[in-house]
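Remember, predicted model here, so these are calculated numbers, not experimental data.
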Amino acid sequence: MDILVNLQAFLATADASGFSAAARKLGVSTSVVAKRVTQLETRIGTALFHRSTRQLRLTDAGQRYVHRARGVVTDATDLLSRMGEKGHDLVDHLRIKAPTSLTVARLADAFSAFQTQNPRVKLEIVLIDRPVDPVTEGFDIAIGAFPHSFGGVVDEPLCLLKRLLCASPSYLKKHGTPKHPRDLVEHRCLSFMPTGPEWIFDGPRGRISIQVSPLLSSNEGHVLARSAIAGNGIALISHYLVANALRDGTLKPVLPDFPIPELWVKAAVPERRRNAAAVQALLSLLKTSLAPSL
């Protein structure tokens, strides 16, 4: 068991880039984490970190071993969890990457419901708005809508993500309503940073790509929604963020004859964790909570 806790200390230190932050994560003292890492280095006969007063960084050996160590710890934790199950209780520790806007709007409730049903499963939820390889970055589940795939990872589709252009009636009255996507270059545009300022549309004759110069860019969808409601511009935004505003007329769809291509929200899961009971239980709940689309 000592080797397992030492490996956990090594991984926590590598993730946090320091003993103090790793200690807070593990709930032990800084000296305990440092001692465990030193014991591991003594056991394998090589240094895993370059130590200085200013920083702590992985050595070449540390970089080589960190991913394999993560797999060993994951497998051991999963085995111990299964052996420790009482009745039908799930026991696990899931590290999850999730997008900020979707988590605030929908996933937070789903995660809370999951832990209510499975009180012995620990969740570590990290909000990141970029593609993440769950294997190399140490996640059990990485949720997102980016069309990226990674080796050793299984993509589990969760739901369709509908997007649209919209603006407030006051903005459209003052600045006019665009008739074609190319008209957007003359408008005040509100852009979601992770997908960028290149806006793609499905037109009658195929795909249309427009490069806009955003008045506002943000990686948080609620910021774009509030700005659009305030009359600051035309937003390309996920439907679930503005559904209420569209229903009550606070926002109006723009260019409905040129729809935005839908995306799939998916969960990227390392192959070694795909069959873990807690992972499967959470994926099932997420599919139910989000289906059929956002």
Next item on the list: Measure the CZ-CG distance between F192 and L216 for me, rounded to the nearest 0.5 Å.
Entry: 12.0 Å
Next item on the list: For residues P178 and I234, determine if any side-chain heavy atom of one lies less than 4.5 Å from a side-chain heavy atom of the other.
Entry: yes
Notebook entry, point to check: Are R64 and D60 close enough that some pair of their side-chain heavy atoms sits under 4.5 Å apart?
Noted result: yes
Notebook entry, point to check: With a 4.5 Å limit on heavy-atom distance, are the side chains of L286 and V265 in contact?
Noted result: no
Checklist line | P157 to K287 - nearest heavy-atom pair and separation | finding: O-CE, 3.4 Å
Notebook entry, point to check: Any sub-3.5 Å donor-acceptor pair from R36's side-chain atoms to V5's backbone N or O?
Noted result: no
Note to self: Is it the case that the side chain of R182 and the backbone of I210 share a donor-acceptor pair, with hydrogens and angles ignored and the cut-off at 3.5 Å?
What the structure shows: no
Note to self: I need the minimum non-hydrogen distance between P204 and F258, along with the two atoms involved.
What the structure shows: CD-CE2, 3.7 Å
Margin query: Test of understanding: clusters of I, L, V, M, F, W, Y form through side-chain heavy atoms closer than 4.5 Å, transitively. Do V32 and L7 belong to the same one?
Written below: yes
Next item on the list: Could you tell me whether D202 and R207 have a side-chain N and a carboxylate O separated by less than 4.0 Å?
Entry: yes
Margin query: Within this structure, what is the CZ-CD distance for the pair R226 and E220, rounded to the nearest 0.5 Å?
Written below: 9.5 Å
Margin query: What's the separation between atom CG in N6 and atom CG in L11, rounded to the nearest 0.5 Å?
Written below: 11.0 Å
Next item on the list: Walk me through it: do L285 and Q117 pass the test side-chain contact (heavy atoms from CB on, under 4.5 Å)?
Entry: CA-CA 10 Å; L285 185 146; Q117 298 170 13; 3.7 Å; yes
Next item on the list: Answer yes or no: is there a donor N or O on one side and an acceptor on the other, between the side chain of S227 and the main chain of V223, under 3.5 Å?
Entry: no
Next item on the list: Rounded to the nearest 0.5 Å, what's the gap from CD on Q39 to CD1 on I3? Could you check?
Entry: 9.0 Å
Item checked: Minimum heavy-atom distance S209-E198, with the two atoms named -> OG-OE2, 2.6 Å
Margin query: Please say yes or no: joined through hydrophobic side-chain contacts below 4.5 Å, possibly via intermediate residues, are W199 and L241 part of one cluster?
Written below: no
Note to self: Quick check against the 3.5 Å criterion: does E156 have a side-chain atom that pairs as donor or acceptor with the backbone of A267?
What the structure shows: no
Check: What's the verdict on side-chain contact (heavy atoms from CB on, under 4.5 Å) for K252 and T177, showing C-alpha distance, side-chain angles and the deciding distance?
Finding: CA-CA 10 Å; K252 299 291 185 183; T177 301; over 6 Å; no
Next item on the list: Consider only side-chain heavy atoms of I, L, V, M, F, W and Y, link residues closer than 4.5 Å, and tell whether I229 and L224 are in one cluster.
Entry: yes
Check: Under 6.0 Å from the CZ atom of R274, do we count more than 12 heavy atoms belonging to anything else shown?
Finding: no
Margin query: Could you tell me if the side chain of V269 sits less than 4.5 Å from the side chain of P134, heavy atoms only?
Written below: no
Check: Shared ILVMFWY cluster between L283 and V135, side chains joined below 4.5 angstrom?
Finding: no
Note to self: What verdict does the side-chain contact (heavy atoms from CB on, under 4.5 Å) test give for D155 and W264, after you've listed the backbone C-alpha separation in whole Å, the side-chain angles of each residue and the deciding distance to 0.1 Å?
What the structure shows: CA-CA 11 Å; D155 289 336; W264 271 97; over 6 Å; no
Checklist line | Close side-chain approach of S20 and R24, heavy atoms under 4.5 Å | finding: yes
Next item on the list: Report yes if some heavy atom in the side chain of L56 is under 4.5 Å from a heavy atom in the side chain of R51; otherwise report no.
Entry: yes
Checklist line | Given N118, L282, V279, the one that forms side-chain contact (heavy atoms from CB on, under 4.5 Å) with L90 | finding: N118
Item checked: Contact summary for M193 and S217, nearest pair of heavy atoms -> CG-CB, 3.5 Å
Checklist line | Any donor-acceptor N/O pair, E271 side chain to V154 backbone, under 3.5 Å | finding: no
Next item on the list: For the pair F150 and H148, name the ring-plane relationship: parallel under 30°, tilted 30 to 60°, perpendicular over 60°.
Entry: parallel
Next item on the list: Could you walk me through whether F201 and I260 pass the side-chain contact (heavy atoms from CB on, under 4.5 Å) test, one step at a time?
Entry: CA-CA 5 Å; F201 302 84; I260 309 296; 3.4 Å; yes
Note to self: Can you confirm whether L58 sits close enough to F49 that some side-chain heavy atom of one is under 4.5 Å from a side-chain heavy atom of the other?
What the structure shows: yes
Next item on the list: Without swapping roles, check the side chain of D183 against the backbone of H180 for a donor-acceptor pair under 3.5 Å.
Entry: yes
Checklist line | Which atom of D140 lies closest to which atom of H93, heavy atoms considered | finding: OD2-O, 3.4 Å
Next item on the list: Look at the side chain of S191 and the backbone N and O of G196, then say whether any donor-acceptor pair between them is shorter than 3.5 Å.
Entry: yes
Check: Is Y240 reaching over with its side chain to a backbone N or O of R106, donor-acceptor style, under 3.5 angstrom?
Finding: no
Item checked: More than 12 heavy atoms from other groups under 6.0 Å of NZ on K35 -> no
Notebook entry, point to check: So does E186 have more than 12 non-hydrogen atoms from other groups sitting under 6.0 Å from CD?
Noted result: no
Check: Heavy-atom count around K162 NZ within 6.0 Å, excluding the residue itself: above 12?
Finding: no
Margin query: Test your reading of the model: is there a side-chain donor-acceptor pair from T59 to the backbone of A47, 3.5 Å cut-off?
Written below: yes
Notebook entry, point to check: Side-chain contact, heavy-atom cut-off 4.5 Å: P197 with V212?
Noted result: yes
Next item on the list: Determine the minimum heavy-atom distance between L161 and A145, stating which atoms define it.
Entry: CD2-CB, 4.1 Å
Margin query: Would you compute the distance between atom CZ of R130 and atom CD of E137 and round it to the nearest 0.5 angstrom?
Written below: 4.5 Å
Check: Is it true that a side-chain atom of S284 and a backbone atom of Q280 form a donor plus acceptor pair closer than 3.5 Å?
Finding: no
Next item on the list: Find the distance between SG (C189) and CG (N232) and round it off to the nearest 0.5 Å.
Entry: 12.5 Å
Checklist line | I141-V126 co-clustered via ILVMFWY side chain contacts under 4.5 Å | finding: no
